[in-house]
A.B. asks: 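Below: one structure in structure tokens.
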Amino acid sequence: MDFEHLADLSMREVFWVTRAKGQYAVPGGPEYQQGMAGKILRDDLIRLQTPASRQDYPELLRRVVALVEVDGQEVEMVFLTNNLEWSAASIIELYRCRWQIEVFFKQIKQTLQLADFWAPAPMRCGGRLWTALLVYLLLRYLAFLSEWSHKLQSALYADVAWLCGKKWMG
């Protein structure tokens, strides 16, 4: 984890939330919450444990431990943030929204398979790729409005291939 970058964000007064995947911290301040409240298991202030990480981020951090639903099962996750004012539920919701955005971009990347369409002269296909991306977003939005559950991948991939003048072998 790049604590130096997180410290830079904090100095610029940017709020951030990240998922902690290791033991970074020791208790360093008061607890916001003692015991379990709903799906929030713990909410407290911490200091980073190692001298190197403490040098990169010397300030207190907030650690929120919560049960989060992943693939239909509740999993314990640990979140770190520099936001000391929001509720623990708001911090978890912010991370959930951030994760939905990442999943969305991953789906675009997998569905359009943009690497297949780069030509030696990128400008030749650039306008077509932007058109394909806009069509994809429009189709996703229409599918959302109509609660259509079918996959767009194969049909859209064939259309993008056609737009870029390639044959699709699907």
A.B. asks: Honestly curious: do Val14 and Phe3 fall in one hydrophobic cluster under the side-chain, below-4.5 Å linking rule?
C.D. replies: yes
A.B. asks: Quick check: closest heavy atoms across Asp56 and Glu4, and the distance to 0.1 Å?
C.D. replies: CB-N, 3.7 Å
A.B. asks: In Å, rounded to the nearest 0.5 Å, how long is the span from CD1 of Ile91 to OG1 of Thr81?
C.D. replies: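 Answer rounded to 0.5 Å: 5.0 Å.
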A.B. asks: Same cluster for Leu134 and Tyr141 if Ile/Leu/Val/Met/Phe/Trp/Tyr side chains link at under 4.5 Å?
C.D. replies: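 No: no chain of side-chain contacts under 4.5 Å links Leu134 to Tyr141.
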A.B. asks: First locate atom CZ of Arg19, then atom CE of Met77, and finally report the distance between them rounded to the nearest 0.5 Å.
C.D. replies: 4.0 Å
A.B. asks: Atom CD1 of Ile46 and atom CG of Leu60: how far apart are they, to the nearest 0.5 Å?
C.D. replies: 8.5 Å
A.B. asks: For the atom pair CG (Leu138) and CG (Leu142), what is the distance rounded to the nearest 0.5 Å?
C.D. replies: 4.5 Å
A.B. asks: Show the numbers, then the answer: is there a side chain to side chain contact (heavy atoms under 4.5 Å, CB included) between Val68 and Val75?
C.D. replies: CA-CA 5 Å; Val68 178; Val75 177; 5.7 Å; no
A.B. asks: So which heavy atom on Met1 is nearest to which on Leu80, and how close?
C.D. replies: SD-CD1, 4.3 Å
A.B. asks: What pair of heavy atoms forms the shortest contact from Ile40 to Ala89, and how long is it?
C.D. replies: CD1-N, 4.3 Å
A.B. asks: Taking CD in Gln73 as the centre, count heavy atoms belonging to other residues, nucleotides or ligands within less than 6.0 Å. Is the count above 12?
C.D. replies: no
A.B. asks: Only one of Leu6, Asp2, Asp8 passes side-chain contact (heavy atoms from CB on, under 4.5 Å) with Tyr57; say which it is.
C.D. replies: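 That would be Leu6; it is the only one of Leu6, Asp2, Asp8 passing the side-chain contact (heavy atoms from CB on, under 4.5 Å) with Tyr57.
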A.B. asks: Using ring pair (Phe, Tyr, Trp, His ring centres under 6.0 Å) as the criterion, point out the one residue from Phe79, Trp16, Phe15 that pairs with Tyr95.
C.D. replies: Phe79
A.B. asks: Kindly give the heavy-atom pair with the smallest separation between Ser53 and Leu48, and that separation in Å.
C.D. replies: O-CD1, 3.3 Å
A.B. asks: Quick one: does any side-chain atom of Arg63 pair with a main-chain N or O of Asp44 as donor and acceptor, under 3.5 Å?
C.D. replies: no
A.B. asks: Atom CG of Leu45 and atom CD of Glu59: how far apart are they, to the nearest 0.5 Å?
C.D. replies: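 Nearest 0.5 Å value for the CG-CD distance: 11.5 Å.
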A.B. asks: Side chain to side chain contact (heavy atoms under 4.5 Å, CB included) between Val64 and Ile92: does it pass, once the steps are laid out?
C.D. replies: CA-CA 8 Å; Val64 177; Ile92 293 167; 3.9 Å; yes
A.B. asks: To the nearest 0.5 Å, tell me how far Leu94 CG sits from Arg98 CZ.
C.D. replies: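 Between atom CG of Leu94 and atom CZ of Arg98 there are 9.0 Å.
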